[in-house]
Amino acid sequence: MHLLFKAARVIDPASGLDAQADVLVEGGKIKEISSSLPEAKVTAPGKVINCQGKILVPGLIDMHCHLREPGHEYKETIETGSKAAAAGGYTSIVCMANTLPVNDCRAVTEYILRQARDKALVNVYPVGAVTKGLKGESLAEIGDMREAGIVAVSDDGQPVMNSSLFRRALEYAAGLGLPVISHCEDLNLRGQGVMNEGYMSTILGLRGIPKAAEVIMVQRDIILAELAGAPLHIAHVSTAESVQIIREAKRRGVPVTAETAPHYFSLTDEAVRTYDTNTKMNPPLRTTVDVAAIIAGLQDGTLDAIATDHAPQSPVEKDVEFDYAANGIIGLETALPLTLTLVHQGHLSLMKALEKLTCQPARILNLPGGKLQVGASADLTLIDLNREYTVDINKFKSKSRNSPFHGWQLKGKAIMTIVSGRIVYSED
Amino acid sequence: MNAPQAEKINLNQTSNQPKIKWKRKDLLGIAELDPAEIELILNTAESFKEISSREIKKVPTLRGKTVINLFFEPSTRTRTSFEIAAKRLSADAVNISTSTSSVVKGETLIDTAKNLEAMNPDCIVIRHSASGAPHLLARLMKVPIINAGDGAHEHPTQALLDLFTVREKLGHLAGLKIVIAGDILHSRVARSNIFGFLKMGAEVHLTGPRTMRPPEIEKLGVCWHTSLKEIIPEADVIMMLRLQLERQEGGFFPTLREYSRLFGLNMELMKETKPGVLIMHPGPINRGVEISPEVADGPFSVILDQVTNGVAVRMALLYLLVGGTE
């Protein structure tokens, strides 16, 4: 089937292209990009899409989400998660291993990929566990899972506290061509903390998690990556100090990359004031100083990517006392608008913002997508930069509602999402 | 130019005792109260205090009203105080005590509270080990909620009875030097008192082991001191906090012996105090740990006055929140 995108502003961060153009899709691939393509090129049942005033970009890639299947299907499934992704402009999502059972062996990886093939609207790439059962004790069968289709390994949610084991994981995964994604957190320093340690934790009487709990492990992991000479990706960076350490490591050539999530540049721990459990996540919301540093890290490339850390939780986990509430918020349907807010505020160029949602995650994880070029798979997202709307959790495609952004007025969103030439989401 | 004028208006308000009305559905913390509201509660408590010294300690004010004391943490003093306060106002008091948290029990806090609300109480008094638990209920329920202590967050009725006691004994609050000493980090009493005394124009000085100093506490407008000795000679009030052994994650201090020697209040230190200093403690006391028995039972101790005044303050709050007939 043909799709012809007429008069779009085409932006491809991978090649630096930013031009008014028509894009023709045929057989699931990008056939032609030209300043003007005749509508005659489209044969029935093809479609011509008028993109006047809209931006056509490579399909967004979320390199860090939780789809909860298998095991916690009441929070999200691969199907519903993929619908949320499509609605948020994502054409590829990378799901973490902390399912039940944990994705620490081929059978689970294959199950996820089979569910994805049968039910998902977007491309799903699983991450395998570093250690069996995320227990931090012995390596999972990383090689076997790689053959089955994982794109990285991570014990996300549970740091590998044993430095020797983490070193071996870095080395072993590197030998197989896989990066290790690290959730950086010193569990002893975190203790029973439930929010950022500082003024807000003091007045709210909630146990704090010092920034040092993250920073120490960012530093440790970088030193170990240096020792191992192996690629390391730091997940959900939340503190100013982490940004600085990563910046210095990159400067001396350590093969480290890093992501942050929209909530770390959109919110501070001030949001916890009402004890809203939708402001509880790990790492926790930090301070204005950290938000500024995260934005600076995005600007200078220290932070390569923006990921959602989409973490669906049901009311069972969230409608309880703050201390007992589960961590995490959903993000697939708000990440692009929140990132575009940085663009509207003048913090990031549109090109740079899009790069962190497309070609950068593709590069870090060696994924096929992330570029809008002739011959590439037709994974595309059409964005209306000026569409103003109010976030309504009740309209989310995700099975869960745990978002702190309900009621926020945002500007700019995905209005059409195309995966392999097929329209998987369309507004109106 | 504006500041003195504003001050004057405030003074007028207090001296003329204007009938400011209680407007809040709940009492969740001291942090959100303004000085006029605190004053209203203290003044109301003053008029209720006399009832407890009568032969017949009962007025019909809240007849036909039901107050539920929902306690998820062990408590003798506070729960009994609320119960007596309700009964002296002729309300029916129902006590629910469960030492296990709602989560352990299997029913959620919200479900428990909604079930109680379905029986049409007029007020729910809640104590809970999780900070913010009363706020969760207040958001979801129509019935007035009184926070009787939530985690390490606030214990507003304790602070109000402390303010009441100091005002009663010293005649005023503004300008006083209040020392709060001990486990500030885990103490909801400390937080509520810091907010309360500061709002009423007193100075608040804190001391204790450095491990128990809450992060960025100075931002509240308090002073931190490394030892009791350093601040004690200037203090008008010394409030010793209970060392909350059950909340320790460990490693905050080496031994009870050392804690008592370095951070406890004893007769030796009492030699340095001003004449007429008030010694306070929210209870229950760990005798010989944060306060020596001689000091707790000594002439400057107002610890039992605090307990007496607790009933009056809680009567005032039930009256203000639940209403009823004069």
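Proteins get letters first, then strands, A, B, ... in listed order; numbering begins at 1 in each.
When each of A:Pro210, A:Gly205, A:Gly208 is scored by its heavy-atom pairs under 4.5 Å with chain B, the top score falls to A:Gly205. Among A:Thr277, A:Asp323, A:Leu204, A:Thr274, the residue making the largest number of heavy-atom pairs under 4.5 Å with chain B is A:Leu204. With chain B as the partner, the residue from A:Leu206, A:Ile203, A:Asp276, A:Val316 showing the most heavy-atom pairs under 4.5 Å is A:Ile203.
With B:Phe71 as the aromatic partner, B:Arg127 does not meet the cation-pi criteria of under 6.0 angstrom to the ring centre and within 45 degrees of the ring axis. Stacking of A:Arg220 on the aromatic ring of A:Phe166 is recorded, both the 6.0 Å distance cut-off and the 45° axial limit being met.
When the heavy atoms of residues 196-210 of chain B are compared with those of chain A, none of the residues falls under 4.5 Å.
Side-chain atoms of B:Thr78 and B:Ser81 include no donor-acceptor pair closer than 3.5 Å. Under 3.5 Å, the side chains of A:Glu185 and A:Asn282 contain a donor-acceptor pair of N or O atoms.
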Passes side-chain hydrogen bond (donor to acceptor under 3.5 Å, both in side chains), A:Gln313 versus A:Lys318? Steps please.
-> CA-CA 7 Å; A:Gln313 301 288 4; A:Lys318 285 294 194 182; over 6 Å; no
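For B:Phe252 and B:His186, the ring centers are positioned less than 6.0 Å apart.
Relative ring orientation between A:His72 and A:Tyr74 is described as perpendicular, the plane-to-plane angle rising above 60° on a 0-90° scale split at 30° and 60°.
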